There are 2 protein chains.
Amino acid sequence: MATATVTRKDQITITARNLFREKGYKSTSMRDLAQCVGIEAASLYSHVKSKEEILQKICFGLADKFMASMQDAQSKNWTADKKLAYAIEKHIDVVVNNLDASGVFIHDWKHLSEPSLTKFKQMRSKYENFFIGLVQQGIDEKRFRNVNAKFAVMTLFNSMNWIYDHYKPNGKMKQSEISSELSLLFLNGLSKN
Amino acid sequence: MATATVTRKDQITITARNLFREKGYKSTSMRDLAQCVGIEAASLYSHVKSKEEILQKICFGLADKFMASMQDAQSKNWTADKKLAYAIEKHIDVVVNNLDASGVFIHDWKHLSEPSLTKFKQMRSKYENFFIGLVQQGIDEKRFRNVNAKFAVMTLFNSMNWIYDHYKPNGKMKQSEISSELSLLFLNGLSKN
DNA sequence: CCTACCGATCGGTAGG
DNA sequence: CCTACCGATCGGTAGG
């Protein structure tokens, strides 16, 4: 029977995600990380190549999840507004189930060095353009008001991405409520009537 | 005749705002700052007490502007929805006219130490509660749908605060368009249609 | 506003 | 995974 084994490397990644999110990447030292893991700082380098490698794993790990959810939404044969609601739901699902990584993703991607930085920006653009395309399609089909699609999507993203900051797993609002409320707020905001 | 004199201290503050926004507070060294100003690092301390003092000036300088716009909106004898639209417009006005400071405000307030940190959080709470109160009032008066007022305001704030990130002074959208589009998007989203 | 310098801390390596 | 240690850089001070 396969048991879920948390290797030391996993433990380092998980701890780093939490520390980076709490204090920020630049303010977290490898010595902080080592202490939380319970080993000496130098020992970290038996498991990771560098501090930035950890950041890369966190940022691209989440980026991959967003890309997968995009492809899922893309494959559906629905109207633009329905697809958009679905994509919002999927995005929030990723954020809520990766709270620490989401915080790091949003705040610390800037500290990636080349060529990771360029790759990261490209993935983000691709993802943003998918949403912008859906909004534009909704406008063309006269489902939405005639807004600036890019501006609307930026507004949406900022709302979605910061959920990690005020979401409490055992709080008043359940994940499903947040999803439905946010997509309603946004789609209603775009609606014509 | 009074001429606008930019003192060295002003120059340090302005340069710091820009560097902190571009690279982050923690990633900007006093040596970086000194070089951009054109003096030696040690000379900075003739004009400022510490690195954190600069951060405090930036954060509380902007917080004061937000508080002033809140008091302005509060003094109006209008309905909740109209007051909210006005408060949104005023908030965006502060952000757009303080782009660098807004970026620092949003990203780096965490690096304030006590007692500044507590004071900052208190001001922010007061400001947030003002907006939450307006949304709740709109709900009570049956002007808005019955949403979670706090969640709606967090959504609004995240949209408004990140304008600094994609606003281009000479871009497609003028400030007035951003204001009206964002408040329409939000108020329309809250409306019962 | 500068030169000269401080103690602390950083990411990371050597060698076992 | 540890001890021992590296060169670089940090915020900041002394003294002029």
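Residue numbering restarts at 1 for every chain, and letters A, B, ... go by the order of the sequence lines. All figures in this text were calculated on a predicted structure; none of them were measured in a lab.
Atom NZ in B/K51 sits about 13 Å away from atom C1' in C/dT9, given to the nearest Å. Distance B/E40 CD to D/dA14 P: 19 Å, rounded to the nearest Å. Atoms CD (B/Q35) and P (C/dC1) sit 16 Å apart, rounded to a whole Å. Note: NZ (A/K23) to P (C/dT9) measures 12 Å, nearest angstrom. The separation between B/I12 atom CD1 and D/dG12 atom P is 13 Å, rounded to whole Å. Between the CZ atom of A/R31 and the P atom of C/dT13 there is a distance of 13 Å, given to the nearest Å. In this entry the distance linking CE of A/M30 with C1' of D/dC10 reads 19 Å, nearest Å. Distance OH (B/Y45) to C1' (D/dG16): 19 Å, rounded to an integer number of Å.
Nucleotides of DNA chain C nearest to A/D32 and A/A42 differ in position, and the one nearer the 5' end is that of A/D32. Between A/S27 and A/K49, the residue anchored nearer the 5' end of DNA chain C, judged by the nucleotide with its closest heavy atom, is A/S27.
Between B/R8 and C/dC1 there is a side-chain polar atom (N or O) within less than 4.0 angstrom of OP1 or OP2. OP1 or OP2 of C/dC2 sits under 4.0 Å from a side-chain N or O of B/S43.
Across all strands shown, the partner of C/dA14 is D/dT3, judged by Watson-Crick or G-U wobble contacts whose two distances both fall under 3.5 Å.
When ring centroids are compared, A/F130 and A/F66 stay outside the 6.0 Å threshold. No close placement of the B/F144 and B/F186 rings is indicated, their centers lying 6.0 Å or farther apart.
At a cut-off of 3.5 angstrom, the base of C/dC10 holds no donor-acceptor pair with the side chain of A/S29.
Between A/F157 and A/Y127, the angle of the ring planes lies from 30° to 60°, which puts this pair in the tilted group.
Side chains of A/T7 and A/D10: a donor-acceptor N/O pair is present below 3.5 angstrom, by distance only.
Within the 4.0 angstrom heavy-atom criterion, only backbone atoms of the sugar-phosphate kind lie near A/T28; the bases stay farther away.
A ring-ring contact (aromatic ring centres under 6.0 Å, His included) with A/F105 holds for exactly one of A/F60, A/W162, A/F120; it is A/F120.
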